[in-house]
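One structure is given below, encoded as structure tokens.
Labels below follow one simple rule: chain letters A, B, ... track the order of the sequence lines, proteins then strands, and each chain is numbered from 1.
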Amino acid sequence: MIIVAIAVASVLGTLIEQESLYQDWRPPYLYYPDRYGEFWGNLFMRLGLTHTFSSVWYAALILMLVISLIICSLHRLVPLHRMLVRPQVWKLPHFLRKQQIVLEAGCDLAEAEAMLRRSGYRIWRDRECIYAEKGRLSRYGPYVLHIGLLVVCFAAFAKALPGWDESQDVWIPDGQTVKVPGTDFAITNHQFTIELYENGMPSRFATDASILVDGEEVLRRTIEVNRPLSYGGWDIYQASWREEPGMAHLRLVHAETGQVVTTIPFDLRDPAPEFPVEGTNLKVAVRTYLHDFMLDPETGQPTNASYEVLNPVLMAEVVAADTEQVLGRIALVILGDTPAVYAGPYYLEVDRVDTRWYTALKLHQDKTVPYMYAGLAVVFIGMLMTFFIYHWQVWVRAENGGVLIGARAYKNRFGLNREIQRLFGKPQGEGTERYDTA
Amino acid sequence: MTPRDAFLIDLAQWLLFGAFAAYLLAFLLYVSGTLGRRISGGSGFANTAGYGTVANVAGVVLHGLAILARWQGSGFWPTSNMYEFIGFMAFSSMLAFLVIHRMYRLYIVGALVTPVTLFLLAYSYVFPRDVTPLIPALQSIWLPLHVSLAALGEGFFAVAFGAALLYLLRVRGLELASRRAADEVASALEGGAVAAGAGGTASIARPAETADQRWERIWGVRLMEVLFYVILVMVGFTLLALIFRYAGFQWIFSANTNPYHLPPIIGPYGAEVGEKGSFLGIPLPAVVVPYGWKGKHLNTLLYSLAVGGLLYWVIRRFITRGRIGDALALRVGGDPELLDEISYRAVAIGYPIFTLGGLIFAMIWAKEAWGRYWFWDPKETWALIAWLVYSAYLHFRISRGWEGRKSAWLAVLGFGVVLFTLVGVNLLIVGLHSYAGGD
């Protein structure tokens, strides 16, 4: 049975750590041999068990399920529908006595018909026989459910179609605008806010964001967790945040007098190449700036150790604005308490460093969502039909001055038993037939 | 975090305690109502089972009030951590039982469902009881909707499990009784034949055994014992966890592994054999797990298996004096066909509820909170597996006419998968739902 096979495959897929879930920085071909041993690790990777749910054979199992759903449903639905629309009314007593509930009652056929009709049964009559049923809709429930499942499976497979399921992350610092690649809009992050619980866990984080098209604001709203923003087919989610040293305010100090000449705003991500000092003939020119300073172990040259602003180091010169004559050199480690190293009359010191907040927004464009939801809705409707409507069938045949009654239920046999008992008295027996396979 | 209203939180604890007492009373009443009637051989305990249901109703009311009090006290619907969720699941299993009970009025099912509720409630005490503040992803209307409905569906599955287990026991009991009767007749006849000196030719034709009965005789009874062992392992785990939590022992290995509360026989990755001294001559830890394995959980599992085994042995050796299943089978009552129907009905009600709450709402919420409706996160995959098992159950039942034993075993398996989804996944595998973990 395919259901069982899928269940077993899914169990394997959770017992073996999946590539998307393990918490290790190593790539799979290094991680798995270490995790499960040389032999098993490689075997699991070969078999695709390390990415079960995107593996070919798992997809093949689902595909087999889809095929069997279609074939079995059609195979059963057609005769079932024929049987339900044109039921066989005239039956031999032998058939009635085989049903789940069998009894003989003293009333005549017309009375039995009236009673059944009053209880909401639909009645067919043929000579000395009556066929009564209710809740026929229930029998179509499984097929409605199966159609819903087919739509769900279609939606799941459609994710693999190009352009149907795309996502990208954008990081936007406070107050900046980022054009989203592959779309016609840009997103502005006016301000990212975060609130914390007493224990330091975040209680809420949100971005005051705008959507811009051709530089014009079309929409402004707060995006927060559980409240995504939808625009142009994209859903924009608050995913995460990051903080880093943003703007350093550096004081240019005259070394002899200790007088602050000026304060320059120095962007640690993207500093201006030079800073003219107003009211004087001076400017501070950036010669080398590294946001994460280190000395390359091979060449001995200064270089960046990472993409992050971790250890920003500035080497600047104070020059005369007009003649470009170098008046002094300054090297400054911006984070930490190290004083500047300088040659000349001026040095730099750090006044303060502002934190820059980045919001991480995740953009999803998933065209399968409407199909998935529609499929799920159909599945649920099918379930309600199947489980909360009961198909009950009653055959009545005039016999020996009274009637012989045989009844069967596809669900809730005890409910039917009670109803028959209420209408005709206590059932006298039970036939041999159980559920049939239709 | 300090809760919004500490008094209400305390009140909730007391109400819950009352609910626990009521369930326990109900269980005792059911047991005395079923066993007692058999032992006294008649009318002795005729009304007891009825009072059991009264006690269960009282328990559900108290439990419901406890949930409401905690809701008001903490400011959010109490299904956000394992303690709250397992407690809620206990509540919903009892609620589901009462719904089914209203339909069928079969008290004896209560004798099997009430212990499930009691176990769940006791198990919830294994987890920390503090009010945990909600991380932003959990601050959604879908938290109560998804979790409560999923738990309610699982509650019906618990009832289906109880009825199915009772069915299996009852059918086995009837078979045992009829075989004993046949044996007695046979031995009486043989005895008579020998006494009459007519030669040993008299033989009694036993009713022919069907393939189904044969399977049951060979495998079914053993599987039943395995099932009781597994149940006792879970009970043992809960007892151990509660005892050692309140005893407060700790073995600390390093800052980044959780401290052990049980003597560490299986140590975490990176520990050294014998570094914590020894216990009864066994070095602690005696073994150290390789990279990537959870030493602490394996250690707990080892203890649970051992304690479960001990409990099983004690019960089998001193109380039932034979297979536990057979001993119970001879003492339970109930119409097997009705039990079969109840089990099926409970699945038929639980299945749509579970689908809606456990899968559909979960998908809608995941889409809203994380942007994708399905992650193949272990917990969600296991919910899918449970759903597949119950789908198979219904499928086999509706289209292949599986009734009775096969069907009952599937209902037992299904609830096992549900319990693994709730408990095992958190203990052995982690993922998105790991916030709901404890240790």
Does atom [atom1] of [X] have more than 12 heavy-atom neighbours from other groups under 6.0 Å away?
X	atom1	answer
A:Tyr371	OH	no
A:Trp57	CH2	yes
A:Met64	CE	no
B:Tyr269	OH	no

For chain A, find which of [options] contributes the most heavy-atom pairs closer than 4.5 angstrom.
options	answer
B:Val417, B:Val389, B:Ile385	B:Ile385
B:Leu338, B:Leu359, B:Ile141	B:Leu338
B:Trp376, B:Trp374, B:Tyr104, B:Trp142	B:Trp376

Which heavy atom of [X] sits nearest a heavy atom of [Y], and at what distance?
X	Y	value
A:Pro202	B:Pro136	O-CD, 3.3 Å
B:Pro352	A:Phe380	O-CE1, 3.5 Å
B:Ile364	A:Tyr373	CA-OH, 3.5 Å

Do any N or O atoms from the side chain of [X] and from the backbone of [Y] form a donor-acceptor pair under 3.5 angstrom?
X	Y	result
A:Tyr237	B:Lys367	yes
A:Gln18	B:Pro378	no
A:Tyr197	B:Ile135	no

Taking the side chain as C-beta and beyond, is there a heavy-atom pair between A:Thr368 and B:Tyr373 under 4.5 Å?
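Side-chain contact under 4.5 Å: yes.
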A side-chain contact here means heavy atoms from C-beta on lying under 4.5 Å apart; do A:Lys411 and B:Tyr344 qualify?
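They are in side-chain contact.
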At a heavy-atom separation under 4.5 Å, does A:Val8 approach chain B through its side chain, its backbone, both, or neither?
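It is neither, since no heavy atom gets under 4.5 Å.
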Contact part of A:Leu149 toward chain B, heavy-atom cut-off under 4.5 Å: side chain, backbone, both or neither?
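Side chain only.
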Is it the backbone or the side chain of [X] that comes under 4.5 Å from a heavy atom of chain A, or both, or neither?
X	result
B:Thr355	side chain
B:Leu394	side chain
B:Trp387	side chain
B:Met103	backbone

Distance (rounded to the nearest 0.5 Å) between [X] [atom1] and [Y] [atom2]:
X	Y	atom1	atom2	result
B:Leu134	A:Arg204	CG	CZ	14.5 Å
B:Thr381	A:Leu12	OG1	CG	12.0 Å
A:Thr14	B:Lys379	OG1	NZ	12.0 Å
B:Trp382	A:Leu15	CH2	CG	6.0 Å
B:Gln139	A:Asn226	CD	CG	8.0 Å
A:Arg413	B:Arg345	CZ	CZ	12.5 Å

Options A:Thr386, A:Ile6, A:Val4, A:Val225, ranked by heavy-atom pairs under 4.5 Å with chain B, top entry
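With the most close heavy-atom pairs to chain B, the winner is A:Val225.
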